[in-house]
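Down below is the structure, laid out as structure tokens.
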Amino acid sequence: LAEGTFTLENSDVGAGHLEVAIGYHELPSGSQVSLYAYTQPAEGAAFVQPTELARLVTLGGSGTLRGEAALQTACMPVALRYDLYVNGLPVASFDAPGVEATC
């Protein structure tokens with residue numbers, strides 16, 4: 001995708017919640033944007049994608065895509081990854097720290 005750029009503005013994980021803010025710039029009007037958040041429950045573990053951490057939205061122009069979700073898990077994530085798609089095509093991936101291992 002040659003049009004549109006994205007930046008990770010904020011990623012905050014805490015007891016029972018996850019918040020994320022992704023900046024988007026010069027995105028064509030009517031773009032179908034999908035954001036998937038993946039969590040890593042322990043160092044070296046595989047990333048998993050809880051269904052409740054997916055967002056689908058139609059955007060255009062410039063602004064910030066914000067998401068907040070309840071995070072009910074036995075092990076708090078030590079790392080996060082956010083994958084972004086526009087009109088079904090992968091356009092960006094961001095890594096973010098989680099919290100200290102709880103498992």
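Residues L84 and L56 do not share a hydrophobic cluster, defined by chaining ILVMFWY side chains whose heavy atoms lie under 4.5 Å apart. L53 and V48 end up in different hydrophobic clusters when Ile, Leu, Val, Met, Phe, Trp and Tyr side chains are linked at under 4.5 Å. Both V57 and L35 belong to a common hydrophobic cluster when Ile, Leu, Val, Met, Phe, Trp and Tyr are linked at side-chain heavy-atom distances under 4.5 angstrom. Hydrophobic clustering places F94 together with V86 (ILVMFWY residues linked when any side-chain heavy atoms are closer than 4.5 Å, directly or through intermediates).
Rounded to the nearest 0.5 angstrom, S93 OG and Y82 OH are separated by 11.0 Å. In this structure, CG on L18 lies 11.5 Å from OG1 on T73, to the nearest 0.5 angstrom. Atom OG of residue S34 and atom CZ of residue R55 lie 12.0 Å apart, to the nearest 0.5 angstrom. With values rounded to the nearest 0.5 angstrom, F47 atom CZ is found 9.5 Å from D83 atom CG. With rounding to the nearest 0.5 Å, the separation of CD in E9 from CZ in R66 is 6.5 Å. To the nearest 0.5 angstrom, I22 atom CD1 is 9.5 Å from T64 atom OG1.
The two atoms that bring C103 and A74 nearest to each other are SG-O, 3.6 Å, heavy atoms only. The heavy-atom pair separating T102 from M76 by the smallest distance is OG1-N, 2.8 Å. Taking each heavy atom of P41 and C75 in turn, the nearest pair found is O-CB, 3.8 Å. Heavy atoms only, all atoms of each residue included: S11 and L80 are closest at OG-CD1, 3.8 Å.
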V33 vs L27, test: side-chain contact (heavy atoms from CB on, under 4.5 Å). Steps then yes/no. CA-CA 10 Å; V33 178; L27 196 59; 3.8 Å; yes
Show your reasoning for whether side-chain contact (heavy atoms from CB on, under 4.5 Å) applies to V20 and L65. CA-CA 8 Å; V20 63; L65 170 61; over 6 Å; no
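Taking 4.5 Å as the limit, some side-chain heavy atom of V91 sits within range of a side-chain heavy atom of F6. H17 is not listed as a side-chain neighbour of L71, based on a closest heavy-atom distance of 4.5 Å or more. Taking the side chain as every heavy atom from C-beta outward, D95 and Y38 never approach each other to under 4.5 Å. Taking 4.5 Å as the limit, every side-chain heavy atom of T39 sits out of range of all side-chain heavy atoms of V13.
At distances below 3.5 Å, at least one donor-acceptor pair connects side-chain atoms of N87 with backbone N or O atoms of Q32. Judged by distance alone, the side chain of S62 and the main-chain N or O of E26 form a donor-acceptor pair under 3.5 Å.
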